[in-house]
Amino acid sequence: NPQAIILSEYIGGEGDYSGFAKPELGMELTTAMYQQGADIVYAAAGGSVLGAIEAAKNENQLIITTGSDQRWIAPGVVVTSRTKNMDIAVYDLIVQLLAGDLKTELIQFDYRSNGVGFAPLSKELVPDDVMKEFETVKNDLSTGKINIELECQP
């Protein structure tokens, strides 16, 4: 949607990790975003996401969460979750350690390496044409047709 406006709110400041445990603030910020016209909210704030999910339920709006598949918490509003595939990272590090190849360096796991992913889209909430487009984008990410440049600082 070329006319889409992206709203963003942060539940904590730089170096302030308390935002991961403030569900009341998660609910407040998410409610405000829906009231500003947000069609969907992407919430990534640990335990504070529970408040964001509650806001989505209260406002009867859609939400995308992060960390693990959280569709079970509120199937009527959680469309999908961006997953952190920690099992892949731990396995890969153990393989490197056992092979004597583990180095002290920044190791980045991304979508192509299966370090992050997506829970399946909720078929009840997502139209078929969007499902097809989403699968195309996921495939293009996997094959490198779409490349995401990340700037990471160790």
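Small disclaimer: the values here were computed from a predicted structure and weren't measured.
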**OP:** Could you tell me whether D110 and R112 make a salt bridge, using a distance below 4.0 angstrom between a side-chain N and a carboxylate O?
**Re:** no

Original post:
Which heavy atom of M33 sits nearest a heavy atom of L7, and at what distance?
Top reply: CE-O, 3.3 Å

Subject >> Chi angles and distances behind the salt bridge (Lys or Arg N to Asp or Glu O under 4.0 Å) call for K57, E54 >> reply: CA-CA 5 Å; K57 288 180 358 186; E54 201 58 36; 3.4 Å; yes

For residues 139-146, dump all side-chain donor-acceptor pairs below 3.5 Å to protein atoms at least two apart in sequence or in another chain.
residue : atom : partner : partner atom : Å
S142    : OG   : K138    : O            : 3.1
T143    : OG1  : N139    : O            : 3.1
T143    : OG1  : D140    : O            : 3.4

Atom pairs and distances, donor-acceptor, side-chain atoms in residues 120-129, under 3.5 Å, two or more places apart:
residue : atom : partner : partner atom : Å
S122    : OG   : E124    : OE1          : 3.2

Original post:
Using links of under 4.5 Å between side-chain heavy atoms of ILVMFWY residues, direct or through other members, which residues join I94 in one cluster?
Top reply: V90, L98

**OP:** Could you give me the CA-CA distance, side-chain angles and deciding distance for V78 and W72, then say whether side chain to side chain contact (heavy atoms under 4.5 Å, CB included) is met?
**Re:** CA-CA 8 Å; V78 178; W72 64 272; over 6 Å; no

Original post:
Who passes ring pair (Phe, Tyr, Trp, His ring centres under 6.0 Å) against Y111, sequence neighbours left out?
Top reply: F118

Original post:
Of all heavy-atom pairs between V49 and Q70, which one has the smallest distance, and what is that distance?
Top reply: CG1-OE1, 3.6 Å

Subject >> Within one Ile-Leu-Val-Met-Phe-Trp-Tyr cluster: L62 and I64, side-chain cutoff 4.5 Å >> reply: yes

Subject >> Donor-acceptor under 3.5 Å (S48 side chain, G19 main chain) >> reply: yes

Original post:
What distance do I73 atom CD1 and S81 atom OG have between them, rounded to the nearest 0.5 Å?
Top reply: 7.5 Å

**OP:** Check ring pair (Phe, Tyr, Trp, His ring centres under 6.0 Å) between Y91 and all other residues, then give those that pass, not counting sequence neighbours.
**Re:** none

Subject >> Over 12 foreign heavy atoms within 6.0 Å of CG, L97 >> reply: yes

**OP:** Quick one: which residue pairs count as a side chain to side chain donor-acceptor pair (under 3.5 Å) with a foot in residues 26-40, not counting sequence neighbours?
**Re:** none

**OP:** Taking all non-hydrogen atoms of both residues into account, name the closest pair between I53 and A74 and its distance.
**Re:** CG2-CB, 3.6 Å

Original post:
Does the side chain of E9 come within less than 4.5 Å of I11's, by heavy atoms?
Top reply: no

Original post:
How many angstroms lie between atom OH of Y42 and atom OG1 of T66, to the nearest 0.5 angstrom?
Top reply: 3.5 Å

**OP:** Indicate, with yes or no, if M86 and L93 share a hydrophobic cluster defined by side-chain heavy-atom contacts under 4.5 Å among Ile, Leu, Val, Met, Phe, Trp and Tyr.
**Re:** no

Original post:
If you group Ile, Leu, Val, Met, Phe, Trp and Tyr by side-chain heavy-atom gaps below 4.5 Å, do V116 and V137 land in one group?
Top reply: yes

Original post:
What is the distance from atom CZ of F109 to atom CG of D92, rounded to the nearest 0.5 Å?
Top reply: 4.0 Å

**OP:** Please check if M27 and F20 belong to a single hydrophobic cluster, counting links between Ile, Leu, Val, Met, Phe, Trp and Tyr side chain heavy atoms closer than 4.5 Å.
**Re:** no

Original post:
Where the side chain of T65 meets the backbone of A43, is there a donor-acceptor pair that is under 3.5 Å apart?
Top reply: no

Original post:
Does M131 belong to the same Ile/Leu/Val/Met/Phe/Trp/Tyr cluster as I40, with side-chain heavy atoms less than 4.5 Å apart forming each link?
Top reply: yes

Original post:
Considering residues, nucleotides and ligands other than N60, do more than 12 of their heavy atoms fall under 6.0 Å from its CG?
Top reply: no

